[in-house]
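Reading through the structure tokens given below for one structure.
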Amino acid sequence: MPRPRTLRRLTRAGRRIAADLIARALVSNGFRPHRHTAFPHADGTYGDHDGPPLSLLLLGDSIAASLGTSAVQETLGAQCATTLSRATGRPVHLRVLARPGTTTGFMKHQLRRALRHPHPPGVALIIVGGNDIVAGTPLRRAAKDLARHVTRLRHAGWHVLVGTCWDVGDVPAVRRRLRTALSRRSRRLEHLQTTAARRAGAVAVPLRDPRHGTQPELFAADRIHPSAHGNALHLQALAAALTGTTPTP
């Protein structure tokens, strides 16, 4: 009879194999990370206010980069910066470092750029995880990588928000037979991200919403990424935490 340690190893190996099969099935269905697809350039200063600007960084994957939108005002970054400026009465300097196709581990390249940011630390928003689900990344490893990123930002003086993994099983482009397995992995990663982010000193905000599975207008024409309406829904989830963690001038 296998020993408990052997059983744990077999279980982990089974999970890795299942994740790999899911990833292969998704890729064969055309569900691929878009690493070099263009998206609106939203960097800039938002808000017609006097005083020192507040820095806002967006890091992570295509959700944070707003792949799927066609105009700057539709992007999550512009919507967050505008909301933050109105709430604080300060101009907000937005810089989007997020890139489509990014997994949590590969966010380290964005972290290097974030830590060289020329403006005083402000608010850093991380949205990542969907590509870890698709790529079959071990979920505990993804959560540990996230905690490491949060810790580095916190030590540099940033207030950090983490928008946790949404339900990839709700994405319209995903085949129905894969949705249950993807939903389970998404919820597991969401839980691990929430725990890791909070322990590292970040505010964790759930982006999973049942409306993703019932309202197709929340998705762009590619049926994978959020539309302007989808970004507005994410902003609703983020708004309270976004405006409640801002540093004073």
Side-chain angles (χ1 to χ4, degrees), residues 33 35-36 39-47 51-67 72 75-85 88 90-132 135 137 140-165 189 192-205 207 234 238 241-249:
R35 298 181 185 278
H36 303 291
F39 51 91
H41 184 75
D43 288 13
T45 302
Y46 293 77
L54 173 65
S55 296
L56 173 63
L57 292 183
L58 258 67
L59 305 100
D61 57 23
S62 56
I63 306 300
S66 294
L67 185 64
V72 169
T75 65
L76 182 61
Q79 293 185 35
C80 285
T82 300
T83 298
L84 193 54
S85 178
T88 61
R90 297 173 60 184
V92 172
H93 185 274
L94 170 68
R95 189 178 183 194
V96 181
L97 300 178
R99 291 295 179 267
T102 298
T103 59
T104 310
F106 276 97
M107 259 190 63
K108 61 186 178 183
H109 304 296
Q110 297 176 24
L111 260 290
R112 293 193 191 105
R113 296 179 65 192
L115 296 175
R116 295 196 299 265
H117 191 58
H119 300 281
V123 179
L125 170 60
I126 299 173
I127 300 177
V128 73
N131 292 308
D132 293 290
T137 305
R140 288 187 179 275
R141 180 196 301 169
K144 288 180 181 178
D145 287 338
L146 177 63
R148 189 158 46 246
H149 300 329
V150 170
T151 298
R152 292 184 66 190
L153 288 167
R154 292 287 294 143
H155 285 170
W158 291 89
H159 292 256
V160 184
L161 307 181
V162 174
T164 56
C165 186
L189 182 56
L192 291 171
Q193 285 180 327
T194 299
T195 301
R198 288 175 177 170
R199 287 178 177 173
V203 177
V205 181
L207 298 183
H234 285 160
L238 292 164
L242 185 68
T243 57
T245 59
T246 55
T248 56

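- Each of Val160, Val96, Leu125, Leu111 was scored for a side chain to side chain contact (heavy atoms under 4.5 Å, CB included) with Leu59, with one residue passing: Leu111.
- Here His93 contributes atom NE2 and Asp43 contributes atom CG; the two are 7.0 Å apart, rounded to the nearest 0.5 Å.
- The side-chain hydrogen bond (donor to acceptor under 3.5 Å, both in side chains) search around Arg141 returns none, not counting sequence neighbours.
- Summarising the geometry, atom CG belonging to Leu67 is positioned 12.0 Å from atom OG1 belonging to Thr75; distances are rounded to the nearest 0.5 Å.
- The shortest side-chain heavy-atom distance between Arg154 and Thr151 does not fall under the 4.5 Å cut-off.
- Contact record, Pro121 with Gly157: CB-O, 3.5 Å, taken as the closest heavy-atom pair.
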Chi angles and distances behind the side-chain contact (heavy atoms from CB on, under 4.5 Å) call for Leu146, Val162: CA-CA 9 Å; Leu146 177 63; Val162 174; 4.0 Å; yes
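- Shown here for Ala204 and Thr164, the closest heavy-atom pair between the two residues is CB-CG2, 4.2 Å.
- Smallest separation of non-hydrogen atoms from Val203 and Ala241: CG1-CB, 3.9 Å.
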Check against side-chain contact (heavy atoms from CB on, under 4.5 Å), Asp61 and Ile127: CA-CA 6 Å; Asp61 57 23; Ile127 300 177; 4.2 Å; yes
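- Rounded to the nearest 0.5 angstrom, Gln79 CD and Leu242 CG are separated by 11.5 Å.
- Between Asn131 and Thr137, the closest side-chain pair of non-hydrogen atoms is not below 4.5 Å.
- With His149 contributing its side chain and Thr104 its backbone, the two residues share a donor-acceptor pair below 3.5 Å.
- To the nearest 0.5 Å, atoms CD1 (Ile63) and CG (Leu58) are separated by 11.5 Å.
- Considering all non-hydrogen atoms of both residues, Ala202 and Val150 come closest at CB-CG1, 3.6 Å.
- Scanning all heavy atoms of the two residues, the minimum distance from Cys165 to Gly130 falls at SG-N, 4.1 Å.
- Of all heavy-atom pairs between Ala42 and Ala78, the closest is CB-N, 4.5 Å.
- In this structure a side-chain-to-backbone donor-acceptor pair under 3.5 Å is present from Gln193 to Val128.
- Contact check for His119 versus Arg95: no side-chain heavy atoms found under the 4.5 Å cut-off.
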Worked check of side-chain hydrogen bond (donor to acceptor under 3.5 Å, both in side chains) between Arg112 and His109: CA-CA 5 Å; Arg112 293 193 191 105; His109 304 296; 2.9 Å; yes
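- In this structure, OG1 in Thr103 is found 9.0 Å from NZ in Lys108, a value given to the nearest 0.5 Å.
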Trace of the side-chain contact (heavy atoms from CB on, under 4.5 Å) decision for Met107 with Asp145: CA-CA 9 Å; Met107 259 190 63; Asp145 287 338; over 6 Å; no
Full working for side-chain contact (heavy atoms from CB on, under 4.5 Å) between Ser62 and Phe39: CA-CA 9 Å; Ser62 56; Phe39 51 91; over 6 Å; no
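- Formation of a donor-acceptor pair under 3.5 Å by the Arg90 side chain with backbone atoms of Pro52 is found in this model.
- Tyr46 has its side chain within reach of Leu94: a pair of non-hydrogen atoms, C-beta onward, lies under 4.5 Å apart.
- Note: Asp132 CG to Leu189 CG = 6.0 Å, rounded to the nearest 0.5 Å.
- Ser85 places no side-chain N or O within 3.5 Å of a backbone atom of Ala81 that could act as its donor or acceptor partner.
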